[in-house]
Amino acid sequence: MTQAIVIGGGLAGLAGAVALADAGLQVELYERRPILGGRATSFIHPSSGERVDNCQHVLLGCCVNLVDFYTRLGVADHIDFHEDIPFIDESSRVSVIGPSALPPPFHLLPSFLRIKTMGIRDKLSVVRTVAAMIRHVASLRRTGDPDVALASATAPASAASRGAESLPATPSGATPSPVSMAAWLEAHGATNRAIEAFWKPFLISALNDELGDIDADYGIGTAVRAMLLNRSGYEVGLPAVPLGDLYAPCIDYIEQRGGRVVFNRGVTGISVQDGRVASLSLQDGSSIEAGAYLSALPFDVLCKLLPQSQASDPYFSMLDGLSVSPITAVHVWFDRPVTELGYAAVIGRRIQWIFNQSSRHAGAFSADNGGAYLGLVVSASDDWMKTPRQVIIDQAMEDLESLLPAVRQAKLLKAIVVKEGRATFAPRPGCDALRPGPSSPFPNLSIAGDWVQTGWPATMESAVRSGYQAAEVLLRTRGVRTPILKPDLPAEGLMKWVTGLRGF
């Protein structure tokens, strides 16, 4: 009998499978599609024949477990990290946030004060808001458990994020407060321009929802972890190859350790006997068995596969309260270069990020061949879900022409729209209580996915963390307690005195 079966070949499932294989287990991974990577992959577009990423995915320097996963696969050198983050505003002015010699949390301050898109009053409001975030983190030290306190302040909760087998407990004396990020910023004096020109570009893209629909704890945690805690936490990592190339080594990695990856065979049912998962039904009518199972399916799909009597367990039934948020990517190709920027956050337009793929990918439209290929990203793109493709392209082009004057002289050769309607779970206020830990009610089934309680919002880092957590759970049932999950970046500079922590 196979030792472990992993259901789903997205980042969470791949991370769990790789970790289990590294621990010596024979692993079989089942993926219903012919490609790996889930929502963060690349594919051949059927009408254009172009190989495109479903959406531009980036990582930050604080994504330590994602980097560890890439390192295991030998592809970490395909990630290019950048210290400078360009912003382009409504007047086509470019400002850059980058490092200085100052210690955290002040390392980005000099460049921030130089940006052109906000006045001094707006910049001071950002400084005050950041100070309030730091005070919020510091105040939670009074809970008596600074590790739990900081996790609660930042992307909430924690015992589960450290691999615990149950839902996180609220720290003694603390009261959950599901406040939206918009309400929190308003209460702490953020100006309208500061919200539009700084907080929206950062938080909407990071958390994939509007500020009024984001739990303030997620927003505070993301800001502290990325911008304040460690001087490299904010650095932007861009894949230098199509996303699918980052996952291709998983096949050999698992097979060389005695396992296999099975494509085009989705799971259609989970059989439970005597309180344990007994077998899985596949779409071809066959069934498979293993000693242990790791599910990396979306939360709603997982519940549909369970027997009705088991799906009503509180662990699973509370997932009905989670919702999803979409992301739309627009890929455009031009007959000539249109910008020298490698990437940029966009202020005050429908499109939120521009990624110059010409500078990273070889091909007919690379910069060396005189063409241009841009990837445009819109997070929380609910308005575009029912919008016709051509209307989306027209709106994106209108934004590009206003931001990049060279686009007006260039010829648009083709454009592709990719809508990911279920890109992430929606980080609504109070939703953290609906995220379960990695240990299911069945002792031989662990759960992974960016929606599982990881201490992070729905990111690639959260997906990998969840896979590592789920692998740790299954290994503990075999008496193996080797930690897999990597600790977060340590607090540096004044932040280690403010937080009272070496790590985060």
Side-chain angles (χ1 to χ4, degrees), residues 60 82-100 102-138 153-154 179-229 231 233-236 341 343-354 377-380 399 402-404 427 494-495 498:
L60 299 179
H82 302 262
E83 290 186 334
D84 293 334
I85 305 177
F87 288 75
I88 183 168
D89 67 15
E90 304 92 332
S91 301
S92 298
R93 295 175 300 184
V94 176
S95 302
V96 178
I97 289 182
S100 72
L102 295 176
F106 305 114
H107 53 300
L108 301 178
L109 183 60
S111 63
F112 170 76
L113 294 176
R114 290 193 297 268
I115 62 177
K116 307 177 183 77
T117 191
M118 288 187 288
I120 186 62
R121 177 172 171 267
D122 307 306
K123 293 175 183 177
L124 289 176
S125 86
V126 172
V127 172
R128 287 194 301 271
T129 303
V130 168
M133 291 177 173
I134 294 173
R135 288 197 303 271
H136 185 59
V137 170
T154 61
V179 176
S180 77
M181 195 68 224
W184 193 92
L185 288 171
E186 181 180 357
H188 289 82
T191 65
N192 290 337
R193 183 58 184 171
I195 291 172
E196 288 296 323
F198 185 77
W199 292 114
K200 277 189 174 181
F202 172 52
L203 292 176
I204 291 178
S205 59
L207 297 166
N208 193 33
D209 221 329
E210 299 295 336
L211 298 187
D213 294 323
I214 292 173
D215 191 307
D217 274 341
Y218 284 98
I220 294 170
T222 300
V224 171
R225 180 178 280 121
M227 296 192 300
L228 305 175
L229 196 79
R231 68 172 50 256
Y234 79 97
E235 294 178 4
V236 175
L341 291 170
Y343 67 103
V346 176
I347 296 168
R349 291 290 184 267
R350 282 166 293 230
I351 60 174
Q352 296 157 354
W353 285 86
I354 299 171
V377 178
V378 179
S379 298
D399 283 356
S402 71
L403 295 165
L404 306 175
L494 298 179
M495 286 302 288
V498 170

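- Under the rule for a side chain to side chain contact (heavy atoms under 4.5 Å, CB included), the partners of A206 that lie at least two apart in sequence or sit in another chain are T222.
- Partners of R128 according to the salt bridge (charged side-chain N to carboxylate O under 4.0 Å, His left out) rule, which considers only residues two or more places apart in sequence or in another chain, do not exist here.
- Partners of S402 according to the side chain to side chain contact (heavy atoms under 4.5 Å, CB included) rule, which considers only residues two or more places apart in sequence or in another chain, are R349.
- The shortest distance between side-chain heavy atoms of V96 and I85 does not fall below 4.5 Å.
- Screening residues 103-126 for ring pair (Phe, Tyr, Trp, His ring centres under 6.0 Å) gives F112-F198 as the qualifying pairs, with residues at least two apart or on separate chains.
- With sequence neighbours excluded, no residue satisfies salt bridge (charged side-chain N to carboxylate O under 4.0 Å, His left out) with D213.
- A salt bridge (Lys or Arg N to Asp or Glu O under 4.0 Å) check over residues 192-211, counting only residues at least two apart or in different chains, returns the pairs E90-R193, E196-K200, D209-R428.
- Using a 4.5 Å heavy-atom threshold, the side chains of L108 and L228 count as separate.
- In this structure D399 satisfies the salt bridge (charged side-chain N to carboxylate O under 4.0 Å, His left out) test together with R350, sequence neighbours excluded.
- Legend: residues meeting ring pair (Phe, Tyr, Trp, His ring centres under 6.0 Å) with W199, ordered by chain and number and at least two apart, are absent.
- Remark: side-chain polar atoms of S379 are not paired, donor with acceptor, to backbone N or O of N208 under 3.5 angstrom.
- Every side chain to side chain contact (heavy atoms under 4.5 Å, CB included) that P110 has, sequence neighbours left out, goes to S100, L102, R114.
- For S205, the side chain to side chain donor-acceptor pair (under 3.5 Å) criterion is met by W353, not counting sequence neighbours.
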Just list the side-chain donor-acceptor pairs under 3.5 Å for residues 180-188, sequence neighbours left out, or say none.
unit_1	atom_1	unit_2	atom_2	d
S180	OG	A183	N	3.0
H188	ND1	W184	O	2.8

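- With sequence neighbours excluded, the residues forming a side chain to side chain contact (heavy atoms under 4.5 Å, CB included) with L341 are P86, V94, T339, A344, listed by chain and number.
- Residue D122 forms a side chain to side chain donor-acceptor pair (under 3.5 Å) with just one option from T191, T117, N192, and that option is T191.
- Not a single donor-acceptor pair under 3.5 Å links the side chain of K116 to the backbone N or O of R93.
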